[in-house]
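Everything on this sheet refers to the single structure shown next.
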Amino acid sequence: MTMIEIIMGDITRERVDAIVTAANESLLGGGGVDGAIHRAAGPRLARAGGAVGPCEPGDAMATPAFDLDPPVRHVIHTVGPVWEGGAFDEADVLASCYRRSLQVADGLGARTVAFPAIATGVYGFPPEQAARIAVATIRSTPTTVQRVRLVAFDDDTRTYLQAAMTAGLERD
Ligand code: APR
């Protein structure tokens, strides 16, 4: 059973095997959490991302973590859906980001993985619904990852993630 932890902070400070970045399809870097991770990992991350990309929304691809401090060894780049009102399979694409990232982590032998709140920034996905999708998908995806840390960057996101965890427990 994968343990899920909710924390608030900067994902580039996480001490895990792999951190997930909310990328764009080019995997060349951008703003937001992607920008923070690219700054921390250094310019080789964009070169490695460009070499494996482009990445379809809902898919995930791994590169080394370069200048990020150990134990981080991998960056898993996933591309969230741009929110267009909810009628364009955005929820399924977001769920796929979490599912595919765990599958990629399994392939890497990663045991601990940190996720940001994918798609809830620039891409505009409603954060409360995104939190429920994140927790439900991680709970329902078979994986050898032992510990998932969901990293909130603001109070509201942390509250939504905590509520999603509680709601899931009541349902189980
Ligand atoms: N650590 C953890 N979370 C962070 C950090 C950080 N250092 N910086 C930002 N976040 C949070 C945001 O507050 C938001 O909750 O990450 C979440 C995702 O927001 P974005 O980074 O805007 O990602 P997204 O909405 O998926 O948009 C992706 O933005 O930066 C570009 O290249 C990226 O085109 C892509 C798009």
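All ligand and atom numbering here is 1-based and tracks the order in the structure. Being a predicted model, the structure only gives us computed values, none of them experimental.
Taking the six-membered ring for Trp and the full ring otherwise, the centers of Y123 and W83 sit at least 6.0 Å from each other.
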CA sep, side-chain torsions, deciding dist, call: T2, Q146, side-chain contact (heavy atoms from CB on, under 4.5 Å): CA-CA 5 Å; T2 304; Q146 292 164 347; over 6 Å; no
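For the salt bridge (Lys or Arg N to Asp or Glu O under 4.0 Å) test, no residue two or more places apart in sequence or in another chain qualifies with R99.
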Pairwise, report which nitrogen or oxygen atoms of ligand 1 are under 3.5 angstrom from protein nitrogen or oxygen atoms, and how far apart they are.
unit_1	atom_1	unit_2	atom_2	d
ligand 1	1 (N)	I11	N	2.9
ligand 1	7 (N)	D10	OD1	3.1
ligand 1	15 (O)	T120	OG1	3.1
ligand 1	19 (O)	G121	N	3.4
ligand 1	21 (O)	V33	N	2.8
ligand 1	22 (O)	V122	N	2.9
ligand 1	25 (O)	G121	N	2.8
ligand 1	25 (O)	V122	N	3.1
ligand 1	25 (O)	Y123	N	3.0
ligand 1	26 (O)	A119	N	2.9
ligand 1	30 (O)	G31	N	2.8
ligand 1	30 (O)	G31	O	2.6
ligand 1	32 (O)	N24	ND2	2.9
ligand 1	32 (O)	D34	OD2	3.2
ligand 1	34 (O)	Y123	OH	3.3

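A single hydrophobic cluster is seen to contain both I4 and V145, as judged by linkage of ILVMFWY side chains at heavy-atom distances under 4.5 Å, directly or through other members.
Remark: the backbone N or O of G29 is paired with a side-chain donor or acceptor of N24 at under 3.5 angstrom.
Atom NE2 of H38 and atom CZ of F66 lie 10.0 Å apart (nearest 0.5 Å).
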